[in-house]
Amino acid sequence: MDGAPEKQDLHKKDPKVVQGMFARIAGRYDVANRVLSGGVDTRWRKLVVRRAGGDLTGQRAVDVACGTGDLAAALDRAGADVLGVDFTFEMLAHAPKKVRPGMWVQGDALAMPVHDGLADVVTMGFGLRNVIDRRQCFRELLRITKPGGKVLILEFGMPDRDLFGRVYRSYLTHVLPRIGGVLSGDRAAYRYLDSTVQAWPQADKLAEEMKEDGFETVEFERLFRGIAYLHVATAPGGRG
Ligand SMILES: C[S@@+](CC[C@H](N)C(=O)[O-])C[C@H]1O[C@@H](n2cnc3c(N)ncnc32)[C@H](O)[C@@H]1O
C-alpha cells in the first residue's frame with residue numbers, strides 16, 4: 001500500500017485522521033513513549049505538577065488531551081480531583097487503571113463538555129500541537145479555568161541549530177519514525193510527530209498568542225535544551 005496519502009492527510013491535521021492515528025497506537029503508546037524519551041517524559045509530567053503548585057489537595061484539575069492518563073495520574077497523586085478529556089476513545093480506555101477515582105470524558109479540546117470556570121488547574125501535555133485551531137483551544141482552556149487559576153501546557157519544541165540541535169533534528173526525521181514505527185506498529189504516526197514538531201512555533205510566539213487570547217500572565221521554561229517547553233499561564237480575575 002502506498003503510504004503517501006496517509007502522510008499527506010496527517011499534515012492537514014484532520015481531526016478524524018489524528019483520532020484514527022491515536023486509536024491505532026493507543027495500546028503501545030505508553031511503552032513507545034518511555035523508550036523513545038528514555039523516561040524523560042515522566043520527569044516532565046512531574047515538573048508540570050510541581051509548577052501547578054505541588055500539593056494539589058482539594059483542587060480541581062482538568063487534563064486536556066489526556067490520552068492514556070499519565071499526566072492525570074500525576075495530578076491525582078498530588079491530591080487533585082482529576083477530570084481527563086480526550087477525543088480518542090481508545091486512548092482514554094487505558095486511563096482508568098492509572099487513576100483510582102478519576103473521571104474520564106470523551107470530548108474535543110476545542111469545545112469541551114466542561115462547565116465554565118470549573119478548574120483550579122488545567123493541564124495539556126503534548127496535545128496542543130495536534131488540534132486544528134490552537135487559538136480556539138486557548139480560549140477553551142481559559143473558559144474552563146476559574147479566575148486566577150493556572151493553565152500549564154507541555155509541548156515539544158526545537159533546540160537551537162547547534163551540534164545538539166542538528167543531531168536532534170536528524171534523529172527526529174530519520175531515526176524516530178523507524179523506532180517509533182517498530183514500537184507502535186505505525187511509522188506514519190512518528191512521521192507526523194516529526195512534521196508537527198518541526199512546524200511548531202517558537203515558545204515566545206506561543207506565549208504572545210496566549211496573552212493576546214486573554215491569559216493574564218504567561219511564563220515558559222525550556223526543557224532539555226529546547227526539546228520541550230512548559231508554558232505556565234494564569235487566568236485573569238484572580239485578585240477579585
Ligand atoms: C501525544 S498524545 C498526549 C497524551 C497525554 N497528554 C500524554 O501526555 O501522554 C495527544 C493526545 O491528544 C489527543 N487529541 C488530539 N486532538 C484532540 C482534540 N481536538 N480534542 C481532544 N483530544 C485531542 C489525542 O487523542 C491524544 O490522546
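Given the structure is predicted, the values throughout are model-derived calculations rather than measurements. Ligands are counted one by one from 1 in listed order, and the atoms in each one are counted from 1 as well.
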message: If you count heavy atoms of other groups shown closer than 6.0 angstrom to CZ of F89, is the number above 12?
response: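 At most 12 heavy atoms, drawn from other residues, nucleotides or ligands, come within 6.0 Å of this atom.
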
task: Have a look at L83 and tell me which of V64, V105, V122 forms a side chain to side chain contact (heavy atoms under 4.5 Å, CB included) with it.
output: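 Exactly one pass, corresponding to V105.
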
Heavy-atom nearest neighbour in the protein, as seen from [atom], with distance rounded to 0.1 Å:
{"atom": "atom 12 (O) of ligand 1", "result": "A65 CB, 3.3 Å"}
{"atom": "atom 20 (N) of ligand 1", "result": "A109 N, 2.8 Å"}
{"atom": "atom 19 (N) of ligand 1", "result": "D108 OD1, 2.9 Å"}

Which bit of [X] gets closer than 4.0 Å to ligand 1, counting heavy atoms only: side chain, backbone, both or neither?
{"X": "R45", "answer": "side chain"}
{"X": "L71", "answer": "neither"}
{"X": "C137", "answer": "neither"}
{"X": "F22", "answer": "side chain"}

Is the shortest distance from a heavy atom of [X] to ligand 1 less than 4.0 Å?
{"X": "L110", "answer": "no"}
{"X": "D86", "answer": "yes"}
{"X": "P15", "answer": "no"}
{"X": "A23", "answer": "no"}

Under 3.5 Å, side chain of [X] to main-chain N/O of [Y], donor-acceptor pair present?
{"X": "R143", "Y": "V114", "value": "yes"}
{"X": "E216", "Y": "A235", "value": "no"}
{"X": "T57", "Y": "G79", "value": "no"}
{"X": "D162", "Y": "F164", "value": "yes"}
{"X": "R169", "Y": "P159", "value": "yes"}
{"X": "D120", "Y": "R60", "value": "yes"}
{"X": "H231", "Y": "A203", "value": "yes"}

Quick one: which of [options] has a heavy atom closest to [atom]?
{"atom": "atom 5 (C) of ligand 1", "options": "A26, A111, C66, A189", "answer": "C66"}
{"atom": "atom 25 (O) of ligand 1", "options": "V64, I25, T88", "answer": "T88"}
{"atom": "atom 22 (N) of ligand 1", "options": "F126, Y29, F87", "answer": "F87"}

Under 3.5 Å, sequence neighbours excluded: what are the donor-acceptor pairs made by side chains of residues 123-130?
{"residue": "T123", "atom": "OG1", "partner": "D63", "partner atom": "OD1", "Å": "2.7"}
{"residue": "R129", "atom": "NE", "partner": "E155", "partner atom": "OE1", "Å": "2.7"}
{"residue": "R129", "atom": "NH1", "partner": "T196", "partner atom": "OG1", "Å": "2.8"}
{"residue": "R129", "atom": "NH2", "partner": "E155", "partner atom": "OE1", "Å": "3.4"}
{"residue": "N130", "atom": "OD1", "partner": "Y192", "partner atom": "OH", "Å": "2.6"}
{"residue": "N130", "atom": "ND2", "partner": "F126", "partner atom": "O", "Å": "3.1"}
{"residue": "N130", "atom": "ND2", "partner": "G127", "partner atom": "O", "Å": "3.3"}

query: Which of these passes side chain to side chain donor-acceptor pair (under 3.5 Å) with T68: E90, K97, K98?
result: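 Per the side chain to side chain donor-acceptor pair (under 3.5 Å) rule, the option paired with T68 is K98, out of E90, K97, K98.
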
Enumerated ligand 1 atoms positioned under 4.0 Å from heavy atoms of [X]:
{"X": "G107", "value": "20 (N), 21 (C)"}
{"X": "V131", "value": "19 (N)"}
{"X": "G67", "value": "4 (C), 27 (O)"}
{"X": "M91", "value": "27 (O)"}
{"X": "N130", "value": "10 (C), 15 (C), 16 (N)"}

- prompt: Within the structure, does G125 bring an N/O atom to less than 3.5 angstrom of an N/O atom in ligand 1?
  reply: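 Yes; at least one N/O pair falls below 3.5 Å.
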
- prompt: Any N or O of T68 that comes nearer than 3.5 Å to an N or O of ligand 1?
  reply: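 No; every N/O pair is 3.5 Å or more apart.
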
query: Linking Ile, Leu, Val, Met, Phe, Trp and Tyr by side-chain heavy atoms under 4.5 Å, what else ends up with Y229?
result: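 So far as hydrophobic clustering goes, Y229 is joined with F220.
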
Between D186 and Y190, a side-chain donor and acceptor under 3.5 Å: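 No - no donor-acceptor pair under 3.5 Å links their side chains.
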
